[in-house]
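See structure below.
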Amino acid sequence: MKKVLASFILVAALSSCNGVKNVNTSNVSDAASLLGSLSSNSTVQQVASLFSLLDTDKNEAISSTEAIGSVSENFSTLDTDGNSSLNVTELQGILALLK
Ligand SMILES: [Ca+2]
Ligand SMILES: [Ca+2]
């Protein structure tokens with residue numbers, strides 16, 4: 001009986017791990033596809049959606065580890081106040097860089 005309980009706990013722990021992983025992966029792929037669809041004609045709202053997808057720790061700032069793709073490549077250009085993180089206003093600068 002103890003062994004069954006132990007296996008159950010292990011399975012539960014593994015599935016909760018996978019659950020978290022899946023959420024993160026889908027956020028990153030959502031962010032990547034949104035980023036890929038952005039153009040100079042994209043709206044402020046689309047950039048705001050991208051911001052919330054990239055801000056995985058929800059501290060209202062994109063750190064260099066949260067940035068992906070062209071946001072990551074242009075991180076220092078976008079970080080106009082040089083505090084090593086991007087706020088939603090700074091991320092809007094991505095629109096000017098997209099052609
Ligand atoms: Ca963050
Ligand atoms: Ca900044």
Side-chain angles (χ1 to χ4, degrees):
M1 193 58 193
K2 257 185 187 168
K3 200 178 175 187
V4 171
L5 189 62
S7 326
F8 177 76
I9 291 169
L10 184 64
V11 168
L14 285 175
S15 352
S16 71
C17 253
N18 282 340
V20 167
K21 213 177 187 177
N22 285 342
V23 167
N24 284 344
T25 307
S26 103
N27 263 1
V28 169
S29 64
D30 281 358
S33 60
L34 184 57
L35 183 58
S37 72
L38 288 180
S39 71
S40 49
N41 296 321
S42 292
T43 61
V44 168
Q45 282 80 7
Q46 283 173 296
V47 177
S49 305
L50 177 66
F51 184 87
S52 56
L53 285 173
L54 290 178
D55 185 20
T56 48
D57 64 1
K58 301 294 171 205
N59 71 341
E60 300 297 315
I62 307 296
S63 63
S64 56
T65 52
E66 289 170 333
I68 60 165
S70 50
V71 175
S72 178
E73 285 158 25
N74 297 293
F75 195 88
S76 54
T77 308
L78 294 171
D79 184 22
T80 49
D81 66 0
N83 70 344
S84 301
S85 69
L86 304 178
N87 60 31
V88 69
T89 309
E90 289 172 333
L91 188 63
Q92 301 290 339
I94 193 75
L95 293 181
L97 299 173
L98 296 166
K99 297 290 173 215

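Everything numeric in this text was worked out from a predicted model, so none of it was measured. Whatever order the structure lists ligands and atoms in, that order sets their numbers, starting from 1.
Looking at every heavy atom in both residues, Glu60 comes nearest to Asp55 through N-OD2, 2.7 Å.
When the N, O or S atoms of Asp79 are ranked by distance to the Ca ion (ligand 2), OD1 comes first. Of all N/O/S atoms in Asp81, OD1 sits nearest the Ca ion (ligand 2). Among the heteroatoms counted here (N, O or S) of Asp57, OD1 is the one nearest to the Ca ion (ligand 1). Distances from the Ca ion (ligand 1) to each N, O or S atom of Asp55 single out OD1 as the nearest.
Among the atoms of Asn83, an N, O or S atom falls under 3.0 Å of the Ca ion (ligand 2). In summary, Lys58 places no N/O/S atom under 3.0 Å from the Ca ion (ligand 1), failing the contact criterion. Among the atoms of Thr56, no N, O or S atom is found under 3.0 Å from the Ca ion (ligand 1). The nearest N, O or S atom of Asn87 is not closer to the Ca ion (ligand 2) than 3.0 Å. Between the Ca ion (ligand 1) and Glu60 there is no N/O/S contact shorter than 3.0 Å.
The closest side-chain heavy-atom distance from Ile94 to Leu98 is below 4.5 Å. Two residues are said to be in side-chain contact when any heavy atoms from C-beta on lie closer than 4.5 Å; Leu78 and Leu97 meet this criterion. A heavy-atom distance below 4.5 Å is not found between the side chains of Val44 and Val47.
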task: Go through Val28 and Thr25 one step at a time and tell me if the side-chain contact (heavy atoms from CB on, under 4.5 Å) criterion holds.
output: CA-CA 5 Å; Val28 169; Thr25 307; 5.9 Å; no
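Checked by atom type and distance alone, the side chain of Glu90 pairs as donor or acceptor with a backbone atom of Asp81 at under 3.5 Å.
Among Leu91, Asn83, Thr89, the single residue meeting the side chain to side chain contact (heavy atoms under 4.5 Å, CB included) criterion with Asn87 is Thr89.
The angle subtended at the Ca ion (ligand 2) by OE1 of Glu90 and O of Ser85 is 80°, given to the nearest 10°.
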